[in-house]
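Heads up: the structure comes next, in structure tokens.
Below, each value reflects all heavy atoms present in this structure, side chains not excepted, and no hydrogens, waters or symmetry copies. Just follow the structure's listing: the first ligand is 1, and inside any ligand the first atom is 1.
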Amino acid sequence: MSEHSAGNGQGVNGQGIGQGVNGQAGVLTSAAAARGPLAMEALSLSKDFKIGRGQTLHAVRDVSFNLYRGAVVALVGESGSGKSTAARLLAGQERLTSGSIKLDGKPVEVTGRNDFRRYKSEVQYVFQDPFASLNPVHTVRYSLERPIKLHQGKIADMDAEVTALMEQVRLTPARQFLAKYPHELSGGQRQRVSFARALAAKPSVLLADEPVSMLDVSIRLEMLSLLDDLRQRFRLAMLYITHDIASARYFADEILVMYAGEIVERGPAEEITQQPAHPYTQLLVASAPDPDNLGSVLRGRGASGAGSLGPAKPRLTGQVATTGCPFAPRCPLAEDRCRAEDPALMPITDTRGAACWRLDVAVPELVSGRPGRATTR
Ligand code: ADP
Ligand code: MG
């Protein structure tokens, strides 16, 4: 465990609430838990990258959360905050520096090819760029038949199976699309094919990494509503990764706000977007267009999302430094303590917490009168 994350585990005011790391185990209840049974647990995940000159980049630090069947958890943060690295860790595409993952209560140990195939039949990863995920030399039919054979074995009626997948992602009439190559499809159609391909494995967990960020703004809402439909129909446990907190409010049960590799705030999507507690979340929400008017939000903005945050983006500083709150260099409320000690996630309610020493100033209405909270010092 890094020096940094060891500091993170100390808890609030020495009360030791940090043992759950980022406030999950035994401390906070996920706002997504009511939707369905627990599917996947990310337990204190950390990922370091060596970046030369003896420096280490802490891309993901002590990140814990749960995914539940039929629920969406959103991982929100600006570019470089560690969202994709977290997803790749969960997808088994990147080795953990420390921490562990459980699927249906069992520790995940992917060592060989067969293990990985079995794991992939439960956990599917869809990412931003469908061009990168679909092989340009294969037709849509091939791209779908292959995972069906791989994950489901021999199928009596392959045509019916492929057609059903196409209908699930609303690419109809299926016949018209099956013979096409990726370059013959629009961006939205390609992304539908990559959703269909993920569904071919009949997964319980879907990791959707910025699934609409590269699509034309005019179709983002429609694609999110398709994902929502798939979530419901297949009771998928979904991780929705985005830099757009407005879309997370629309789509997710729980929001995890990530900054420089750490979860700095978490809680029910509605509460977080209505009354953000962490100064970083406050900035994110303030720079997002009116969240009550999401339709126009999704239609009316470019792909840059939260890019209107303050000019400085010291994400490297934040991820390489080992002391202090990673947001301190950008935080309007930072004081000496923030630069010296990294705060653990402090509970605000039983489903909500934020990692900030200045919550008493940032959101006095949320934390005042709560003994043992961040206000006591
Ligand atoms: P996000 O998805 O939130 O934009 P990433 O997880 O892609 O963020 O990246 C988090 C940080 O880790 C970034 O600073 C990125 O440059 C760094 N990073 C990601 N992958 C590697 C790698 N293989 N080697 C070194 N640094 C990496
Ligand atoms: Mg990413």
Side-chain angles (χ1 to χ4, degrees), residues 2 4-5 22 42 44-65 73-99 101 124-133 187 191 194 198 206-215 220 223-224 227 238-248 251-252 255-266 278 280-281 283-284 287-288 302-310 312-322 326-327 329-330 355:
S2 68
H4 179 98
S5 49
N22 278 332
S44 306
L45 306 187
S46 293
K47 179 67 187 180
D48 294 345
F49 292 112
K50 300 269 175 266
I51 52 168
R53 278 196 258 146
Q55 281 196 307
T56 300
L57 182 124
H58 306 289
V60 171
R61 299 194 276 203
D62 247 354
V63 164
S64 298
F65 56 87
V73 172
L75 194 54
V76 180
E78 65 201 37
S79 171
S81 56
K83 307 181 297 296
S84 294
T85 303
R88 285 202 304 272
L89 291 171
L90 293 181
Q93 296 182 4
E94 197 84 73
R95 209 179 271 273
L96 290 162
T97 301
S98 62
I101 297 166
Q124 281 285 313
Y125 183 29
V126 171
F127 47 94
Q128 195 170 4
D129 181 3
F131 252 130
S133 58
Q191 195 59 301
S194 59
L206 184 69
L207 310 169
D209 190 349
E210 310 241 20
V212 300
S213 303
M214 280 185 58
L215 302 180
R220 288 186 193 167
M223 293 299 281
L224 285 180
L227 273 179
M238 204 181 294
L239 183 68
Y240 170 61
I241 293 179
T242 183
H243 57 254
D244 179 7
I245 197 163
S247 73
F251 189 45
I255 289 180
L256 315 173
V257 180
M258 204 163 175
Y259 187 81
E262 291 182 17
I263 293 178
V264 297
E265 179 161 9
R266 69 191 308 156
H278 195 284
Y280 175 61
T281 318
L283 271 169
L284 270 185
S287 65
S304 61
S308 52
L309 265 182
K313 280 203 176 187
R315 69 178 78 106
L316 205 63
T317 327
Q319 277 161 298
V320 175
T322 52
F327 190 58
R330 273 169 94 183

ask   = What residues form a side chain to side chain donor-acceptor pair (under 3.5 Å) with Gln128, not counting sequence neighbours?
value = none
Pairing residues for Gln124 by the side chain to side chain donor-acceptor pair (under 3.5 Å) criterion, not counting sequence neighbours =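 Scan of Gln124 (side chain to side chain donor-acceptor pair (under 3.5 Å), adjacent residues dropped) gives none.
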message = When you compare the side chains of Gln191 and Ser194, does any donor N or O come within less than 3.5 Å of an acceptor on the partner?
response = yes
How long is the span from the [atom1] atom in [X] to the [atom2] atom in [Y], to the nearest 0.5 Å?
X      : Y      : atom1 : atom2 : value
Leu227 : Leu206 : CG    : CG    : 7.0 Å
Ile245 : Ile255 : CD1   : CD1   : 4.5 Å
Glu265 : Met258 : CD    : CE    : 15.0 Å

Using non-hydrogen atoms of the residue, decide whether [X] is closer than 4.0 angstrom to ligand 1.
X      : answer
Gly77  : no
His243 : no
Lys47  : no

Kindly say whether [Y] contributes a backbone atom to a donor-acceptor pair with the side chain of [X] at under 3.5 angstrom?
X      : Y     : answer
Thr242 : Val76 : no
Ser44  : Gly99 : no
Thr56  : Asp48 : no

Suppose I only count heavy atoms of [X] and a 4.0 Å limit; which atoms of ligand 1 are within that range?
X     : value
Ala59 : 12 (O)
Ser81 : 1 (P), 3 (O), 8 (O)
Glu78 : 3 (O)
Ser84 : 1 (P), 2 (O), 6 (O), 7 (O)

ask   = If we only count N/O pairs under 3.5 Å, is Gly80 in contact with ligand 1?
value = yes
inquiry  = Ile51 versus ligand 1: do any nitrogen or oxygen atoms come within less than 3.5 Å of each other?
reply    = no
query = Residues in side-chain contact (heavy atoms from CB on, under 4.5 Å) with Ser84, at least two apart?
reply =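 For Ser84 the side-chain contact (heavy atoms from CB on, under 4.5 Å) partners, ignoring immediate neighbours, are Arg88, Tyr125, Asp209.
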remark   = Within the 2.8 Å cut-off the protein N, O or S neighbours of the Mg ion (ligand 2) are Ser84 OG
ask   = Side chain, backbone, both or neither: which part of Arg88 comes within less than 4.0 Å of ligand 1 when only heavy atoms are counted?
value =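 Only the side chain of Arg88 comes within reach of ligand 1.
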query = Of the backbone atoms (N, CA, C, O) and the side-chain heavy atoms from C-beta on, which set of Leu57 has a member under 4.0 Å from an atom of ligand 1: side chain, backbone, both, or neither?
reply =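 Side chain only.
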ask   = In a check of side-chain hydrogen bond (donor to acceptor under 3.5 Å, both in side chains) between His243 and each of Glu210, Glu78, Lys83, which one passes?
value = Glu210
inquiry  = Looking at non-hydrogen atoms alone, which of Tyr259, Phe127, Phe49 comes nearest to atom 27 (C) of ligand 1?
reply    =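 The residue whose heavy atom sits nearest atom 27 (C) of ligand 1 is Phe49.
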task = Would you mind reporting whether Tyr259 and His278 have side-chain heavy atoms less than 4.5 Å apart?
result =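 No, their side chains stay 4.5 Å or more apart.
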